[in-house]
Number of protein chains: 2
Amino acid sequence: MKQRPKAVATKAKILEAALDLFRERGYEAATMRAIAERAGVALGNAYYYFGSKEHLIQAFYDRTHVEHVAAVGTKLDDLKDFKARLLLVMRAKLESIEPYHRFAGLLFRSAADPASPLNPFSAESQPVRQEATEIFRKVVAGSRGRIAPELRAELPNLLWLYHMGIVLFWIHDTSKGRRRTWRLMERSVDLIVKLVGVASLPLMGPVRRAALGMVRELRGSTQESAA
Amino acid sequence: MKQRPKAVATKAKILEAALDLFRERGYEAATMRAIAERAGVALGNAYYYFGSKEHLIQAFYDRTHVEHVAAVGTKLDDLKDFKARLLLVMRAKLESIEPYHRFAGLLFRSAADPASPLNPFSAESQPVRQEATEIFRKVVAGSRGRIAPELRAELPNLLWLYHMGIVLFWIHDTSKGRRRTWRLMERSVDLIVKLVGVASLPLMGPVRRAALGMVRELRGSTQESAA
DNA sequence: GTCTATAACCGGATAGAC
DNA sequence: GTCTATCCGGTTATAGAC
């Protein structure tokens, strides 16, 4: 199973060519033939390394996640406020995906198909999903302030879901510099912080329990085992 | 612009063939060639009437909406309680779409593409979206009980969005009889009613305003003019 | 195991003749 | 309005070279 250096290099070359072309021309125009040509390999060779065009996109997924984590870097260490931490992570997210906006929509096409491995809720995506949730776990874990304990446990998953919602909006956002998404993100972060505050009030016990019960139900369907 | 009877008949023939084949074989297997053949027309002729395969699906959309409205019928008139009304509409929704579960996933592939006319947030879908929101407007309008006025105005749109979320879950739900979706729907309706109650408390003014402000922002991006 | 080259299949979409 | 012919790109197949 050990791959030879040459194979690794070829695979990387193909992936880079694909990502470049996705950026430059969007999804449809970046044909497999063009990708292979740009990478300097035969069409069949591209398929040798990537079973389909969608597999190329899975790699894109991974890449944006890595870039997101890199963009956050160690900056979280300096912040103790929940809102500041969440804002940091969300800003880094939007910045890291921006270069790919052009073809993100078409990507989402596959992602929405329940049968597609690209679907963020699919079993195949579980590792990526779990990794992506990890950063929100960090956000919550390092936050000072009153957050109801049951909420603290579920919050990372909720934040991951929330961030998927923002990405969904971003995909549809055609405003210059994605202004609308940024505004929505900032407002919604503010709202989330408020809601977490309210939900953590002792009085809100029943509502909180109803909400968390439902969320666990929702999560159960896609991930049989919770982390 | 008046269409000749022959044209209407041909178009209908093609549409019926398409819906039949979608039901029988699912989306992918129902090729445009097969549809044309079943309808007894040439491939090019199918494209003369329906610009793309996706346009055929738009018709499918419309049909499920009509069926939903039919399933609700006049039953709303008998109920004055918000929760009961919302439950009625949501149950009718799940029942009316159930026969199509098998290929709904593949349909939603296109629906998720921002560039697709099928996208529920797209301009092309605005009529359908508005119609679909209408039923939630009715739900709210006929409900007795304390609901903050600003909330009342925005609630139909929020409920439409909520119902889209439930449908999204339903698409991914492989449990027998879609049990999980039903349970989630019932729990979430309960939660929504609780939340509306809490949000309508005078004390919640700031949170409510933050939430509604954000929602309007969100809505603004897809519908330039609010109803 | 890695890679090339080439041809072919399939289905969505289009052009242009009738 | 309807057809036939054709294009185009994802995908597969094949046969062989290093």
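Letters go in sequence order (proteins before strands), and every chain restarts at 1.
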Verdict with reasoning, B:Leu168 to B:Met164, per side chain to side chain contact (heavy atoms under 4.5 Å, CB included): CA-CA 6 Å; B:Leu168 179 62; B:Met164 290 296 292; over 6 Å; no
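If you check residues 35-42 of chain A against DNA chain C, the residues with a heavy atom closer than 4.0 Å are A:Gly40, A:Val41, A:Ala42, listed by number.
For the pair B:Leu19/B:Arg63, a side-chain contact is recorded, criterion being any heavy-atom separation below 4.5 Å from C-beta on. A heavy-atom distance below 4.5 Å is not found between the side chains of B:Leu88 and B:Val139.
Look at A:Arg23 and A:Asp20 and you find a salt bridge, because one of the NZ, NE, NH1 or NH2 atoms lies within 4.0 Å of a carboxylate O, short of that distance. With salt bridges taken as basic N to acidic carboxylate O contacts below 4.0 Å, none links B:Arg183 and B:Glu186.
In this entry the distance linking CD1 of B:Ile14 with P of D:dG1 reads 12 Å, nearest Å. Rounding to whole angstrom units, OH of residue B:Tyr49 and C1' of C:dT14 are separated by 18 Å. Rounded to whole angstrom, the span from the NZ atom of B:Lys13 across to the C1' atom of D:dT2 amounts to 11 Å. Computed from coordinates, the A:Leu56 CG to D:dG10 P distance equals 11 Å when rounded to whole Å.
To the nearest 0.5 Å, atom CD1 of residue B:Ile14 and atom CG of residue B:Leu56 are 8.0 Å apart. In this structure, CG on A:Leu15 lies 13.5 Å from NE2 on A:His55, to the nearest 0.5 angstrom.
Side-chain polar atoms of A:Tyr162 and A:Ser188 form a donor-acceptor pair below 3.5 angstrom.
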Pick out the pairs of N or O atoms, protein on one side and nucleotides 16-18 of chain D on the other, that lie under 3.5 Å.
none

Give me the distances for all protein-to-nucleotides 7-13 of chain C N/O pairs that come in under 3.5 Å?
| residue | atom | partner | partner atom | Å |
| --- | --- | --- | --- | --- |
| C:dA8 | N6 | A:Arg33 | NH2 | 3.4 |
| C:dG12 | OP1 | B:Lys53 | NZ | 2.8 |
| C:dG12 | OP2 | B:Met32 | N | 2.7 |
| C:dG12 | N7 | B:Arg33 | NH1 | 2.5 |
| C:dG12 | N7 | B:Arg33 | NH2 | 3.3 |
| C:dG12 | O6 | B:Arg33 | NH2 | 2.7 |
| C:dA13 | OP2 | B:Tyr47 | OH | 3.2 |
| C:dA13 | OP2 | B:Lys53 | N | 3.1 |

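Panel note: side chain B:His101, backbone B:Thr174; no donor-acceptor pair is recorded below 3.5 Å.
Ring pair B:His163/B:His68 is parallel by interplanar angle, where below 30° counts as parallel and above 60° as perpendicular.
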